Colleague: 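Have a look at this one.
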Amino acid sequence: MPETILPVRDYDLAGTLDSGQVFRWTRSDGDSPASSWTGVVGDRVVHLTQREDGIHAETPGSAGNWDWLRHFLQSDVDLASILKTFPDDEPMRRAVAACRGLRVLRQDPWECLASFILSSTKQIVQIRQIVANLCDCFGEPIIGNARRPCLTPHALPSAEKIASLTEVQLRSCKMGFRAPNLLAAARQVAGGQFDLERLRTMSYADALHQLMALRGVGKKIGDCVLLFAYGFDSAFPVDVWVERALRELYFPKRRPSEKKLRHFAATHFGPHAGYAQQYLFHYMRTKR
DNA sequence: GACCAGGACCATT
DNA sequence: AATGGTCATGGT
């Protein structure tokens with residue numbers, strides 16, 4: 001089985017894979033002290049383990065030069081230089097101290113868009129379950145991993161595949177009112193009316209505007225896709241946790257208006273605001 | 001059994 | 001511009 005070591009330091013694999021960016025990774029370390037995870041990147045099953053000398057990776061079948069994994073993990077980015085751009089205030093210092101090595105991943109755009117269309121008013125554990133249902137029922141099986149037939153991993157279904165389904169079939173995955181939104185997005189992507197690749201060439205504002213034209217995609221989900229799939233580091237998704245972080249950590253006592261809060265979020269956190277947002281999010285979710 | 005969840009959207013004030 | 005209801009579902 002192909003394997004490699006990514007000699008990366010300052011990388012919290014567990015925190016990163018469990019910080020609500022991706023929904024298909026499961027811990028597989030039993031009682032071992034090392035943090036070990038299994039997931040799917042594209043059409044490959046990957047097993048990752050965090051050790052002293054870096055992240056150990058193995059995948060059945062062919063791994064090529066592993067660039068696809070370095071890209072997904074963003075293991076070559078200089079985290080320290082990003083942290084330097086964070087505002088020098090008490091909330092950020094606390095969040096950074098509490099989430100050492102937290103990274104922002106780089107996902108496939110369709111997987112990211114589909115996942116976050118399904119994320120609306122759902123807890124992360126439930127998003128995981130919905131995405132798992134969707135992959136198990138309609139994703140392409142990944143062959144060569146048949147430990148047991150019922151555990152055959154599946155890729156996330158393509159836009160074309162989902163576009164060929166019915167709303168009733170999608171609802172069987174327990175995604176509720178999100179089903180028509182996912183179906184509509186899949187049809188537009190599969191039919192070529194919506195070009196996910198073209199977003200790469202656009203400005204942040206234009207790309208966000210495009211995404212928000214999709215039913216079920218507002219500012220928050222649009223920002224998640226731009227940050228997690230396209231690397232627009234200025235995107236600053238504000239969900240209930242981040243809003244709580246802003247109000248509690250930056251405006252205790254006062255009650256800033258929604259508009260004022262959005263202005264603060266858009267101007268205070270610098271060129272890598274998206275990273276700062278992820279630190280605040282994970283900090284709020286894991287403290288206490 | 002309430003309450004809430006990585007929201008978006010539409011109808012009222 | 002700011003609230004309020006609605007949409008499904010299940011964990012805590």
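Remember, predicted model here, so these are calculated numbers, not experimental data. Convention: sequence-line order gives letters A, B, ...; per-chain numbering from 1. Just so you know, these numbers use all the heavy atoms, side chains as well, and skip hydrogens, waters and symmetry mates.
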Colleague: Could you walk me through whether A/D223 and A/K219 satisfy the salt bridge (Lys or Arg N to Asp or Glu O under 4.0 Å) test, starting with their C-alpha distance in whole Å, then the side-chain angles of each, then the deciding distance to 0.1 Å, before giving a yes or no?
Modeller: CA-CA 6 Å; A/D223 274 339; A/K219 170 117 169 51; 2.5 Å; yes
Colleague: Rounded to whole angstrom units, what separation is found between the NZ atom of A/K122 and the P atom of C/dT12?
Modeller: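 The answer, rounded to whole Å, is 13 Å.
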Colleague: Under 6.0 Å from the CZ atom of A/R9, do we count more than 12 heavy atoms belonging to anything else shown?
Modeller: no
Colleague: Starting at the 5' end of DNA chain B, which residue's closest nucleotide do you reach first, A/R178 or A/G222?
Modeller: A/R178
Colleague: For residues A/F86 and A/Y279, establish whether the separation of their ring centroids is below 6.0 Å.
Modeller: yes
Colleague: Could you state the atom-to-atom distance from CD of A/Q129 to P of C/dT12 in whole Å?
Modeller: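 The answer, rounded to whole Å, is 12 Å.
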Colleague: Between C/dA8 and B/dC3, how far apart are the C1' atoms? Round to whole Å, please.
Modeller: 15 Å
Colleague: Specify the separation, in whole Å, of atom CZ of A/R262 and atom C1' of C/dA2.
Modeller: 12 Å
Colleague: Does the pair A/R94/A/E248 count as a salt bridge with the N-to-O cut at 4.0 Å?
Modeller: no
Colleague: Mind checking the C1' distance from C/dT6 to B/dC4? Whole angstroms is fine.
Modeller: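 It works out to 16 Å between them.
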Colleague: First contact, last contact: which nucleotides of DNA chain B are these for chain A, 5' to 3', heavy-atom distance under 4.0 Å?
Modeller: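 Both ends considered, the range comes out as B/dA5 to B/dC10.
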Colleague: Assign A/S19 to base, sugar-phosphate, or nothing according to its heavy-atom contacts below 4.0 angstrom with the strands shown.
Modeller: base
Colleague: Pull out every residue in residues 228-250 of chain A that has a heavy atom closer than 4.0 Å to any atom of DNA chain B, ordered by number, or say none.
Modeller: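 Close to the strand are A/F228, A/P237, A/D239, A/V240, A/W241, A/V242, A/R244.
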Colleague: Taking NZ from A/K260 and P from C/dA2, how many angstroms apart are they, rounded to a whole number?
Modeller: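 Nearest whole value for this atom pair: 12 Å.
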Colleague: Look at the side-chain heavy atoms of Ile, Leu, Val, Met, Phe, Trp and Tyr, link any pair under 4.5 Å apart, and say whether A/L105 and A/I127 land in one connected group.
Modeller: no
Colleague: Within this structure, what is the CD1-to-C1' distance between A/I221 and C/dC7, rounded to whole angstrom?
Modeller: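 Roughly 13 Å, once rounded to whole Å.
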Colleague: Over 60° means perpendicular and under 30° means parallel, so classify the ring planes of A/F116 and A/F23, tilted if in between.
Modeller: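 A/F23 and A/F116: perpendicular rings.
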Colleague: Would the number of heavy atoms belonging to other residues, nucleotides or ligands and lying under 6.0 Å from CD of A/E167 be above 12?
Modeller: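 Yes, the 6.0 Å shell around CD holds more than 12 heavy atoms from other groups.
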Colleague: Using a 4.0 Å heavy-atom cut-off across all strands, classify A/G216 as base, sugar-phosphate, or nothing.
Modeller: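 Answer is sugar-phosphate: A/G216 comes under 4.0 Å of backbone atoms only.
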Colleague: Quickly work out the A/I130 CD1 to C/dG11 C1' distance and round it to whole Å.
Modeller: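 These atoms are roughly 12 Å apart.
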Colleague: Is it possible for you to say whether A/V217 and A/L196 belong to one hydrophobic cluster, with membership spreading through side-chain heavy-atom contacts below 4.5 Å?
Modeller: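 A/V217 clusters together with A/L196.
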Colleague: Would you confirm whether the ring centroid of A/W110 sits within less than 6.0 angstrom of the ring centroid of A/Y230?
Modeller: no
Colleague: Between atom CZ in A/F177 and atom C1' in C/dG10, what is the gap in whole Å?
Modeller: 13 Å
Colleague: Same hydrophobic cluster for A/L280 and A/V240, using side-chain heavy-atom links shorter than 4.5 Å among ILVMFWY?
Modeller: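 Yes, same cluster.
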Colleague: So what does A/L280 touch, heavy atoms closer than 4.0 Å: a base, only the sugar-phosphate, or nothing?
Modeller: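 Answer is nothing: A/L280 stays at 4.0 Å or more from every strand.
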Colleague: Please verify the inter-ring angle class for A/H268 with A/Y250; under 30° counts as parallel, over 60° as perpendicular, anything in between as tilted.
Modeller: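 Rings of A/H268 and A/Y250: perpendicular, over 60°.
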Colleague: Both distances under 3.5 Å, Watson-Crick or G-U wobble: on that basis, could you give the dot-bracket string for DNA chain B, with [ ] for crossing pairs and | for other-strand partners?
Modeller: .||||.|||||||
Colleague: Is a donor-acceptor contact shorter than 3.5 angstrom present between the side chain of A/Q126 and the base of C/dG11?
Modeller: no
Colleague: For the pair made of CD in A/Q123 and P in C/dG10, what is the distance, rounded to whole Å?
Modeller: 12 Å
Colleague: What verdict does the salt bridge (Lys or Arg N to Asp or Glu O under 4.0 Å) test give for A/R51 and A/D53, after you've listed the backbone C-alpha separation in whole Å, the side-chain angles of each residue and the deciding distance to 0.1 Å?
Modeller: CA-CA 6 Å; A/R51 299 192 188 283; A/D53 55 348; 6.0 Å; no
